[in-house]
There are 2 protein chains.
Amino acid sequence: MRALVLSTDGPRVEERPVRALPGEALLRPTVGGVCATDLELIKGYMGFEGVLGHEWVGVVEESGDASLVGQRVVGDINCPCRSCATCLAGHPTHCPHRTVLGIQGRQGAFAEALSLPASNLHRVPDAVSDEAAVFVEPLAAAIEILQQIHIRPTDEVVVLGVGRLGQLCARVLALTGARVRGVSRNPARLELLPSHVGRATLAQTDDDLAAGRRADIVVDCTGNPDGLALATKLVRPRGTLVLKTTTHDLGDASPVPWVIDEITLVGSRCGPFAPALRMLEAGLVDPTPLISAEYALADGMQALKRAAQRDTVKVLLRIS
Amino acid sequence: MRALVLSTDGPRVEERPVRALPGEALLRPTVGGVCATDLELIKGYMGFEGVLGHEWVGVVEESGDASLVGQRVVGDINCPCRSCATCLAGHPTHCPHRTVLGIQGRQGAFAEALSLPASNLHRVPDAVSDEAAVFVEPLAAAIEILQQIHIRPTDEVVVLGVGRLGQLCARVLALTGARVRGVSRNPARLELLPSHVGRATLAQTDDDLAAGRRADIVVDCTGNPDGLALATKLVRPRGTLVLKTTTHDLGDASPVPWVIDEITLVGSRCGPFAPALRMLEAGLVDPTPLISAEYALADGMQALKRAAQRDTVKVLLRIS
């Protein structure tokens, strides 16, 4: 089967067989989404080799649960052991024995077939298109912020960096009634924000700082090492800094203001799929304006190239 | 009046006049305590110049509130404006206009007299000796952790670094019923922990890590840049890391595990004096075994030298 595969020589589209792992479902992806993590994996992050892709929507081809066959589904990317102390304590996405679709120890979704446990699957309501459903995984990651911290309707929230994930975070956080502002160096990205989300350039945040205005909550979605130091400047004493950026380098960040100003930093990763599907079905969040381009799986190399360009938000792969 | 004064030439004992600031109380310190922050100020932290010292107990000499005169007191070190948005939002210790005793914009307590607002003062119960009361400020900083986060009686807590502040943190956190362990490179420091607090060398924490044991809560009291990276290794996924160390350098720390493991980091600084006095009065915490040495104010330079030695925990200054 055709697949977009990462090896030590880099990524390429090739043929390789895919079967369901024992006890798991076999799925036929229809659409995949390229994520910043995919681009990081290509640079060597996590040392991953194999089929790329963890954002997908598709149809169940084979499953021990016959009622699933033929259903349109999305799937949780973390596959925990469900029996260790971490799983039993209610943190399966942190299972130390987990595999992660297209990221760690498990073949990904940019292929004509993939295997996942049936327990990871969520049916996609008819009202949600494939083009929206393919955003469920990153939308769940944005919703994870609401799972972790209490955002009050009176809070001032800054989403720093409004690329792929930041756009979704801004949309989700604005549902709380809080005043949400996206901040970016890139005016084109700011224009993609819905009208009820505020927007500011970096220069405008300098004005805020000069006037002593700082946010209750700042979410670092910059994906770059300078994000954390800037986010620290933008948050008020005793405020909360949510970390969505996974870069090893800390840039100019220093823990001194975190201690002096008693900042709370909250690392945030994968989130719950069910509320993401509810939000899409209810029309509370529309991710489809974020689609910059769509490529066939056979043109996967072009898709990756496009996803890495500065003006691109989301690139989709049409798989079947 | 005699005072231990920091100037650009370094610290020295000298004579200087001290009067109450308008509307404030004049206090006669009896005992002062040397803190790691004092040693950092001498190295240039905060750019402070003037009388050092923020840990003290003393007697009220003059006050607009006549009932205070002659009382034995301790005093909050943060002097907020009480009228800005931060103060009115209930965060006076984070007032952007604050002065801080012996740290920022305000002469400190290592002097035969000092000025503080009467509203900062707390009477010391008779059952609490001067030698215990001088620990109220750092004890309050340890209690601040309980003010900020919920520690469950079933939690595993590691206090990393058991010097001046770490010793107090370990004692306070053990009051929750949680299993608390102090971790240090220095076996002599571990021996100072009370018997109900566990202890481990760094080598023993390696064994824990090899066995997959990680703590629910880790408090970094190392005071050195390597503390944060080590604390990150010792905390479980979705656990909490409390930051008490204010070093600019982050050592080998990286935000990647904070995001992947969804760690919460909580910066923690000054705490409430009233519960600290209650704990001392009730005998719940006894800080006096931490006293390594006592010097007269006239021998302040020797006191600072002794405080900087590796085997020293707390050095007191006998002021009057």
Side-chain angles (χ1 to χ4, degrees), chain A residues 40 45-46 84-86 89-98 100 103-104 141 144-145 147-149 212-214 216 220 225 227-228 232 236-271, chain B residues 40 45-46 84-86 89-98 100 103-104 141 144-145 147-149 212-214 216 220 225 227-228 232 236-271:
Chain A
E40 290 299 313
Y45 175 61
M46 305 286 295
C84 71
T86 302
H91 311 295
T93 57
H94 293 278
C95 171
H97 314 296
R98 72 185 179 273
V100 186
I103 295 176
Q104 188 179 329
E144 177 72 353
I145 300 170
Q147 193 77 2
Q148 296 178 288
I149 67 168
R213 281 190 297 269
R214 297 204 272 175
D216 300 292
D220 176 14
L228 188 50
T232 300
R236 69 162 167 84
R238 289 203 176 143
T240 299
L241 237 169
V242 178
L243 310 179
K244 281 289 188 190
T245 293
T246 44
T247 56
H248 273 279
D249 188 356
L250 275 158
D252 290 333
S254 150
V256 172
W258 306 340
V259 176
I260 301 284
D261 293 341
E262 299 194 323
I263 305 303
T264 296
L265 292 89
V266 179
S268 181
R269 187 170 45 99
C270 297
Chain B
E40 291 298 313
Y45 175 60
M46 305 286 293
C84 70
T86 301
H91 311 295
T93 57
H94 293 279
C95 171
H97 316 296
R98 71 183 179 274
V100 186
I103 294 176
Q104 188 179 330
E144 177 72 353
I145 300 170
Q147 194 76 3
Q148 296 177 287
I149 66 168
R213 282 189 297 269
R214 295 204 272 176
D216 300 293
D220 177 13
L228 188 50
T232 301
R236 68 162 168 83
R238 289 201 177 145
T240 300
L241 238 169
V242 179
L243 309 179
K244 281 289 188 189
T245 293
T246 45
T247 56
H248 274 279
D249 187 356
L250 275 158
D252 290 332
S254 151
V256 172
W258 306 341
V259 177
I260 300 283
D261 293 342
E262 298 194 323
I263 305 302
T264 296
L265 291 88
V266 180
S268 180
R269 187 170 47 98
C270 297

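In what follows, every heavy atom counts, from backbone to side chain, and hydrogens, waters and symmetry copies are set aside. Lettering follows sequence order; numbering is per chain, from 1.
Rounding to the nearest 0.5 Å gives a distance of 11.5 Å between CG of A/Asp261 and NE2 of B/His91. Annotation: the span from A/Trp258 atom CH2 to B/Leu250 atom CG amounts to 5.5 Å, rounded to 0.5 Å. Once rounded to the nearest 0.5 Å, the distance linking CD1 of B/Ile260 with CG of A/Leu243 reads 11.5 Å.
Put simply, of A/Pro237, A/Ala89, A/Pro257, A/Cys270, the one with the most heavy-atom pairs under 4.5 Å next to chain B is A/Pro237.
Contact of the B/Thr86 side chain with the A/Arg214 side chain is not registered, since no non-hydrogen atoms from C-beta on lie closer than 4.5 Å. With a 4.5 Å cut-off on side-chain heavy atoms, A/Thr264 and B/Thr264 count as touching.
Proximity to chain B is absent for every atom of A/Thr240, based on heavy atoms less than 4.5 angstrom apart.
A/Arg269 contributes no side-chain N or O that, together with a main-chain N or O of B/Glu262, makes up a donor-acceptor pair within less than 3.5 Å.
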